[in-house]
Amino acid sequence: MPAPGPTAVLPLRPLTVGELIDSAVLLLRDHARVLIPVALVLAGLEQLLLHPLRLVAEVTPPAYLPRLDGLPAYWFLLAVGAGCEAVVVALLGNLSARAAGTVLLAPGTRARRLLHPAGARLPVTVLAALLAGALMFVASLVMPLWLVGFALLGGVAPAIVLDRTGPFRALWRSATLALRTSGRGAAVRLLGYLVWWLLRIGLAVGAVTGLTSIGLLAPDWQLPVALAVWALVNSIAYPALACLDAVVHLEARIRTEGLDIAVSRAGRTGAPLLGTPDGTRILGLPDGTPVPGPPDRLPVPGPGRQTAGRR
């Protein structure tokens, strides 16, 4: 288990799969006051967009199971839902990637600082999110390709925010990092989605069904309550997935590009943190920004004090 403190979120070393998931949860916990309200707004808009399509597909809440005579409409509903998920997670990925950058280099930064537009690259993120959503919609029309699309597009927002790429290059950058080390990043993202999908189904369906079964939810209220419950559940699941994307992106760079060495060197020399192999900025900091020492290096203790070594 990671040690308590800032290093528990993003240690400067390769992580196990369990540590990646833990780090994503810790990143969400530390920035929940910003991520969850934004996610709730986006998840609510998603539910409103999907509602007319659910009426056409004739599915009923809370599980929205398909009808055998309405599979084409239901398939289209799933494709639109997959595209919406990709857009929402990518937009939240802008915030989670910025949160990961501040945790790595400037621990103690207030979470509400993420709402400041400076350096956020919001127009580029919106364009990339729409591109990712369109790709996911098309891939979902051919169901096996949905797995490929979801696995490869998780790093789009982190590539824009942390690597300062453009929207089209961010798609390529995301897929490239996801496929490194035998597709480790892609597999972790699919695992994270599976975990949160099971939790979402259990919480949303269980809550609405439970309230109905004990007589606390009238049939006329089942639809609006189901929409609200799904929005609430997704307001936690979507930022959790976005945080996992940011953590996986940075860990892949540590594992394959020596990001930890670059951060350590910048911390020792006080130089600006620059220089991915292709010359882009490493963590989206403005040129000339001084970088603090590596977060997982303890300061050298004075005489008579115990020294804590790294394992």
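Throughout, numbering of the chain's residues begins at 1 and tracks the sequence.
In terms of hydrophobic clustering, with Ile, Leu, Val, Met, Phe, Trp and Tyr side chains grouped at heavy-atom distances under 4.5 Å, Leu217 and Leu232 are assigned to different clusters. Hydrophobic clustering, with ILVMFWY side chains joined whenever heavy atoms are under 4.5 angstrom apart, groups Leu199 together with Leu191. Cluster annotation: Leu152 is not connected to Phe137 through the hydrophobic network of ILVMFWY side chains, with a link wherever side-chain heavy atoms come within less than 4.5 Å. Linking Ile, Leu, Val, Met, Phe, Trp and Tyr residues whenever their side-chain heavy atoms come within less than 4.5 Å leaves Trp221 and Leu223 in two separate clusters. Note: the hydrophobic cluster containing Leu77 does not contain Leu65 (ILVMFWY, side chain heavy atoms under 4.5 Å, direct or indirect links).
Ser174 places no side-chain N or O within 3.5 Å of a backbone atom of Leu171 that could act as its donor or acceptor partner. With Thr125 contributing its side chain and Asn94 its backbone, the two residues share no donor-acceptor pair below 3.5 Å. Looking at Arg180, its side chain never comes within 3.5 Å of a backbone N or O of Thr256 through a donor-acceptor pair. Trp75 contributes a side-chain N or O that, together with a main-chain N or O of Ser140, makes up a donor-acceptor pair within less than 3.5 Å.
Nearest heavy atoms, Val89 versus Arg189: CG1-NH2, 3.8 Å. A pairwise comparison of heavy atoms in Pro62 and Val205 identifies CG-CA, 4.0 Å as the closest pair. For the residue pair Pro37 and Ala32, the shortest heavy atom distance occurs at CD-O, 3.4 Å. Val229 and Ala207 make their closest contact through CG1-CB, 4.3 Å (heavy atoms, listed as atom of the first residue, atom of the second, distance). The nearest pair of heavy atoms linking Ser235 to Ala39 is O-CB, 3.4 Å. Nearest approach of Ala79 to Leu141, heavy atoms of both residues: CB-CD2, 3.7 Å.
Annotation: cation-pi geometry not satisfied between Arg67 and Tyr74 (NZ/CZ under 6.0 angstrom from ring centroid, within 45° of ring axis).
Here the CG-CG distance, from Leu27 to Asp245, works out to 11.0 Å after rounding to the nearest 0.5 Å. One finds the CZ atom of Arg29 at 13.0 Å from the CG atom of Leu35 (value rounded to the nearest 0.5 Å). We find the CG-CG distance between Leu28 and Leu244 to be 11.0 Å, quoted to the nearest 0.5 Å. Distance check: Leu50 CG to Cys84 SG gives 5.0 Å after rounding to the nearest 0.5 Å. Rounding to the nearest 0.5 angstrom, the gap separating the CG atom in Leu194 from the CG atom in Leu198 is 4.5 Å. Within the model, atoms CG of Leu259 and CG of Leu12 stand 7.0 Å from one another, a figure rounded to the nearest 0.5 Å.
At a threshold of 4.5 Å between non-hydrogen side-chain atoms, the residues Val88 and Leu92 count as touching. You'll find the side chain of Tyr238 stays beyond 4.5 Å of the side chain of Leu42, heavy atoms only. Under the 4.5 Å side-chain criterion, counting only non-hydrogen atoms from C-beta, Arg121 is not in contact with Val161. Using a 4.5 Å heavy-atom cutoff, the side chains of Pro61 and Val208 are not in contact. For the pair His31/Leu95, no side-chain contact is recorded, criterion being any heavy-atom separation below 4.5 Å from C-beta on. Residues Ile254 and Pro14 are in side-chain contact: their nearest non-hydrogen atoms beyond the backbone lie under 4.5 Å apart.
The side chain to side chain contact (heavy atoms under 4.5 Å, CB included) test with Arg255 singles out one residue from Leu177, Leu250, Thr181, and that residue is Thr181.
Ring geometry for Tyr64 against Trp230 counts as tilted: the plane angle lies between 30° and 60°, on a 0 to 90° scale.
A salt bridge does not link Arg13 with Asp260: none of the charged nitrogens is closer than 4.0 Å to a carboxylate oxygen.
Taking the salt bridge (charged side-chain N to carboxylate O under 4.0 Å, His left out) definition, one finds that Arg184 meets it with Glu251, sequence neighbours left out. Listed by chain and number, the residues in a side chain to side chain donor-acceptor pair (under 3.5 Å) with Gln47 are Arg54 (sequence neighbours excluded). Scanning for salt bridge (charged side-chain N to carboxylate O under 4.0 Å, His left out) contacts around Glu85 gives Arg200, with sequence neighbours left out.
Side-chain contact of Arg173 with Thr165: a donor-acceptor pair under 3.5 Å is absent, judged by distance alone.
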